[in-house]
Amino acid sequence: MLILTIINRLFELYSLALVIYVLMSWFPNAQQSRFGQLLGHFCQPYLDFFDRFIPPIGGISFSPIVALIALQFIQNGLVLVVSMFF
């Protein structure tokens, strides 16, 4: 089904953007680049939601991992709901 394929591809693209944005934090000034700012515009609000609830442990933030897991649950739920209607 075309709708399910589009939904899955969009979630995969957003997950990839999140992973790239998080990995960019390992490199100096990568998030301040034009590309990093563009990714930050889309990824940071979603990641900030999880940062409020999950504190860093030893200076390492585990909120991106939880955010990706939550995104998978959202994707699976949305696919289930859409597949019931089509």
Side-chain angles (χ1 to χ4, degrees):
M1 307 222 3
L2 181 63
I3 295 174
L4 294 177
T5 303
I6 292 171
I7 290 171
N8 284 326
R9 294 294 179 241
L10 288 174
F11 274 94
E12 288 172 7
L13 183 64
Y14 192 66
S15 295
L16 180 64
L18 285 172
V19 169
I20 291 171
Y21 184 70
V22 169
L23 290 177
M24 288 177 79
S25 69
W26 294 359
F27 300 100
N29 299 325
Q31 289 182 337
Q32 284 73 32
S33 69
R34 189 84 168 155
F35 180 67
Q37 290 176 355
L38 178 67
L39 280 180
H41 179 71
F42 292 106
C43 298
Q44 198 59 46
Y46 181 68
L47 292 173
D48 283 343
F49 175 77
F50 293 96
D51 282 336
R52 285 184 274 168
F53 301 108
I54 304 167
I57 299 170
I60 299 173
S61 176
F62 292 98
S63 60
I65 296 169
V66 176
L68 285 170
I69 293 169
L71 194 62
Q72 282 295 119
F73 280 118
I74 294 168
Q75 177 185 1
N76 292 337
L78 187 60
V79 165
L80 181 65
V81 169
V82 169
S83 66
M84 288 190 321
F85 288 109
F86 291 104

Does [X] share a hydrophobic cluster with [Y], counting links as ILVMFWY side-chain heavy atoms below 4.5 Å and allowing steps through other members?
{"X": "Leu16", "Y": "Leu39", "answer": "yes"}
{"X": "Ile54", "Y": "Ile69", "answer": "no"}
{"X": "Leu13", "Y": "Leu4", "answer": "no"}
{"X": "Ile65", "Y": "Phe50", "answer": "no"}
{"X": "Ile7", "Y": "Leu10", "answer": "no"}

With distance as the sole test, does Tyr46 use its side chain to make a donor-acceptor pair with the main-chain N or O of Ala67 at under 3.5 Å?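 A pair under 3.5 Å: yes.
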
Does Gln32 offer a backbone N or O that forms a donor-acceptor pair with the side chain of Gln37 under 3.5 Å?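 It does hold such a pair.
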
Check: Phe11 and Ile74 side chains under 4.5 Å, non-hydrogen atoms: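 Result yes, sub-4.5 Å side-chain heavy-atom pair found.
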
So do Met24 and Ile20 actually touch side chain to side chain, heavy atoms under 4.5 Å?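 Side-chain contact under 4.5 Å: yes.
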
From [atom1] ([X]) to [atom2] ([Y]), nearest 0.5 Å:
{"X": "Asn8", "Y": "Met1", "atom1": "CG", "atom2": "CE", "value": "12.0 Å"}
{"X": "Phe85", "Y": "Leu80", "atom1": "CZ", "atom2": "CG", "value": "10.0 Å"}
{"X": "Gln75", "Y": "Leu68", "atom1": "CD", "atom2": "CG", "value": "11.0 Å"}

Answer yes or no: are there more than 12 heavy-atom neighbours, outside Phe42 itself, under 6.0 Å from its atom CZ?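 For Phe42, atom CZ is not crowded (no more than 12 foreign heavy atoms under 6.0 Å).
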
Begin with the C-alpha distance, continue with both residues' side-chain angles, and end with the deciding distance and a verdict on side chain to side chain contact (heavy atoms under 4.5 Å, CB included) for Leu47 and Tyr21. CA-CA 10 Å; Leu47 292 173; Tyr21 184 70; 3.8 Å; yes

Which atom names give the shortest non-hydrogen contact between Pro45 and Gly40, and what distance separates them?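 Heavy-atom minimum between the residues: CD-O, 3.7 Å.
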
Could you tell me which non-hydrogen atom of Val22 sits nearest to which non-hydrogen atom of Pro64, and how far apart they are?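 So the minimum-distance heavy-atom pair works out to CG2-CB, 3.7 Å.
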
Would you say the ring centers of Phe49 and Phe53 fall short of 6.0 Å from each other?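 Centroid distance Phe49-Phe53: below 6.0 Å, so yes.
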
Applying side-chain hydrogen bond (donor to acceptor under 3.5 Å, both in side chains), name anything that partners Ser61, two or more places apart in sequence or on another chain.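 Applying side-chain hydrogen bond (donor to acceptor under 3.5 Å, both in side chains) to Ser61 gives Ser63.
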
What's the verdict on side chain to side chain contact (heavy atoms under 4.5 Å, CB included) for Ser25 and Gln31, showing C-alpha distance, side-chain angles and the deciding distance? CA-CA 6 Å; Ser25 69; Gln31 289 182 337; 3.6 Å; yes

